[in-house]
Amino acid sequence: MISASAFFFYLFSAILLASAAAVVTSRNPVHAVLFLILAFFNAAGLFLLAGAEFLAMILLIVYVGAVAVLFLFVVMMLDVDFVQLREGVQKYAPVGAAVGAVLFGELWAVVLGWQVSPGADSLQGSPTPANMDNTHALGQVLYTDYVYLFQVSSLILLVAMIGAIVLTHRRREGTRRQNITMQQTRSVRDTLETLQVRMGAGVQELGILRPRPRAEPAEEEPRHEHAAGDH
Amino acid sequence: MMNWAAASPEIFLAVAGMAILLFGVLLKKENAALCTMLVLGAFAATFVMVMQTVPQTAYSSLFVTDAFASYAKLLILAGGALTMVLSLDYNERQGIGRFEFPVLMLFSTVGMMTMASAANLMTLYMGLELMSLSIYVLAAFAREELRSAEAGLKYFVLSALASGLLLYGISLTYGFAGTMDFAKLPDAVTGVDGVSTGLMVGIAFVIAGLAFKLSAVPFHMWTPDVYEGAPTPVTAFMSTAPKVAPFVVLLRVLIGPFGHVSVQWQPIIEVVSIASMLLGSFAAIGQTNIKRLMAYSSIGHMGYALVGLAPGTESGVRGVLIYLLTYVAMSAGAFACVIAMRRQGKSVERISDLAGLAKTDLPLASLLTLFMFSMAGVPPFAGFFGKLYVFLAAVQSGLWLLAIVGILTSVVACYYYIRIIKVMFFDAPAPAFDTRSASVSFVAIASGMFTLLFVLALGPFTGAAEAAARVLFG
């Protein structure tokens with residue numbers, strides 16, 4: 001009889017491997033992304049079993065919550081021809097297999113040669129305290145010992161934000177923006193006019209079709225000022 | 001006990017950057033020049049603050065301030081400031097004068113200063129990312145231009161790969177040594193039965209990641225295209241400060257934590273150095289675009305500088321530090337001359353555009369001649385002393401091959417440097433360039449004076465470099 005944790009380990013691992021295989025084999029890209037999400041959930045389960053609950057939660061929040069949803073958006077919104085992308089699979093399969101075999105061999109060699117330095121344990125920068133779960137322990141060092149790196153990473157995010165804005169934001173001509181000053185200073189006279197209309201006369205012969213020439217300068221003036229003042 | 005004050009120059013610069021960013025957003029006018037001035041002011045203040053730092057370790061030994069870090073930071077700030085001045089005029093004329101430009105340069109500089117002070121592989125990586133991310137955006141800053149966008153994208157994709165290599169190396173190092181702390185790594189590196197294979201692979205990957213940023217062969221592929229496509233002030237920036245920061249961090253990592261195993265990394269550095277010197281000198285010969293030529297020239301220069309690292313001795317590190325100092329001055333000056341190449345409001349960058357410059361604009365031609373002679377390593381200009389010190393260090397350690405290849409490739413490189421001088425002085429004159437602004441002239445003349453008069457101030461600079469180098473061996 002296997003223990004509960006072993007049972008869940010095999011359960012999660014089996015589903016993880018199966019869904020990972022499904023990600024690369026399924027023909028429908030939306031299915032592939034959904035399988036990816038399933039794989040993430042099972043990986044999170046494995047992390048939980050290993051006692052790394054913080055990593056498990058981060059995996060769900062970041063990868064499922066943000067990355068996978070982004071993938072889903074991309075797959076659904078962009079018209080990517082996946083059939084065309086797959087065209088060369090047969091031709092490149094031998095090369096791919098060869099590269100994979102070499103990589104596998106190298107990994108094998110590394111794993112067999114794995115040997116941790118004898119004193120490595122004592123060198124740990126911040127060993128996890130015994131009576132504490134690891135989220136708590138992380139929180140204790142993240143904003144104290146590692147505050148410098150934490151702040152640098154926030155600067156990196158700031159730069160990413162500035163970069164995204166600088167490279168994509170452009171001022172288009174003809175976009176209409178709300179100008180509160182213009183709205184407030186408008187009087188009824190600028191917009192409304194009462195006319196005497198003869199019975200049965202059309203708008204064309206009365207000459208009240210818009211745009212009316214008299215109202216133009218009144219509307220143009222503030223818009224120019226607005227364009228110069230806004231950046 | 002936390003000592004926040006150790007990083008006060010970085011903190012000040014970062015806060016100033018955010019303040020200038022807010023100022024630029026809220027001012028809502030054409031304010032690029034004003035923001036550039038403010039950033040230059042922040043650089044000057046940081047420069048003074050760095051000069052006053054005392055050697056100490058802070059932030060649970062993630063961060064260290066010592067003479068080595070201060071030397072590098074002053075050099076980084078000077079290089080950043082010089083190229084920032086170059087951007088003033090160029091950006092306005094090219095229609096890319098936006099206030100985000102100096103702010104991004106500032107954040108990149110914060111990243112580089114963090115790298116210079118790194119006492120832990122994590123600090124190194126964070127600084128490197130902050131530096132690179134800003135440069136990706138800067139390279140694509142002229143977004144209406146296809147070449148600039150291509151440069152930004154190319155640099156981003158390849159650099160992300162290099163970051164991956166670096167991270168892989170760091171994780172392997174951490175996995176096998178159990179620590180990323182530079183102070184603790186030496187004990188972990190030399191275990192009971194020598195160095196483990198995994199750790200050696202880790203070191204190799206760390207070197208590869210940093211060599212990419214240095215554009216050393218075989219990680220140089222991106223350099224010519226990115227140098228050519230990026231706006232010229234950005235190219236100038238990339239060839240000054242962002243070359244210094246990865247180099248000093250490479251020095252610190254290889255000499256400090258991995259100093260005991262120099263036998264392991266020395267061959268890698270030698271091969272990279274020789275390949276860079278060869279490619280830098282031979283591939284530049286066929287170039288017709290001066291920015292591409294400068295790209296190959298910078299590959300070659302990194303090769304020469306690596307000659308000083310290969311012996312792993314104090315005099316070698318001193319040589320590298322002097323080399324970087326002279327290289328920053330020469331590059332900033334040479335790029336000032338390239339920025340001055342404008343005809344009818346358009347920047348031109350072909351070498352043939354320089355034809356007969358001596359007849360139309362003798363001061364500019366003389367300055368460019370000075371920089372070309374200095375880059376070729378002709379005495380008594382600054383570039384000669386950089387080369388002298390690194391080759392001397394190589395010879396002292398018996399690395400004759402490096403020194404001989406270095407001297408031979410220097411001779412080859414002379415050909416294309418002197419060809420530019422020949423084009424300027426002996427070819428039929430092309431139409432004159434537009435009048436250049438005072439800011440460009442200032443950088444060209446300041447760098448020119450430095451390059452010319454370096455020989456007079458050799459003592460103080462060598463002394464500073466020596467004091468900085470001693471820290472790593474102390």
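The minimum heavy-atom distance between Arg143(B) and Val166(A), with the atom names listed, is NH1-O, 2.8 Å. Closest non-hydrogen pair, Met18(B) versus Leu158(A), comes out as CG-CD2, 3.9 Å. Of all non-hydrogen atoms in Met126(B) and Leu149(A), the two that sit nearest each other are CE-O, 3.7 Å.
The environment of Tyr63(A) atom OH is sparse: at most 12 non-hydrogen atoms of other residues, nucleotides or ligands sit within 6.0 angstrom. The 12-atom threshold is not exceeded at CD of Glu92(B), counting heavy atoms of other residues, nucleotides or ligands nearer than 6.0 Å. Residue Phe12(B) qualifies as enclosed at atom CZ: its count of foreign heavy atoms under 6.0 Å is above 12. Annotation for Phe40(A): atom CZ counts as buried by contact number, over 12 foreign heavy atoms lying within 6.0 Å. Atom CG of Leu146(B) has 12 or fewer neighbouring heavy atoms from other residues, nucleotides or ligands inside a 6.0 Å radius.
At a 4.5 Å heavy-atom cutoff, the contact between Ala7(B) and chain A is made by side-chain atoms alone. Proximity to chain A involves both the backbone and the side chain of Leu133(B), based on heavy atoms less than 4.5 angstrom apart. Contact of Leu104(B) with chain A is made through the side chain alone, with heavy-atom distances under 4.5 Å. Contacts of Val201(B) with chain A are absent, with no heavy-atom separation under 4.5 Å from either backbone or side chain.
The residue from Tyr148(A), Tyr143(A), Phe150(A) that alone fulfils the ring-ring contact (aromatic ring centres under 6.0 Å, His included) condition with Tyr59(B) is Tyr148(A).
Most heavy-atom pairs under 4.5 Å with chain B, from the set Val159(A), Thr168(A), Val152(A): that is Val159(A).
Within the model, atoms OG of Ser61(B) and CG of Asp145(A) stand 9.0 Å from one another, a figure rounded to the nearest 0.5 Å. Put simply, CZ on Arg98(B) and NE2 on His169(A) are 8.0 Å apart, with the number rounded to the nearest 0.5 Å.
Between Leu21(B) and Ile162(A) there is a side-chain heavy-atom pair separated by less than 4.5 Å.
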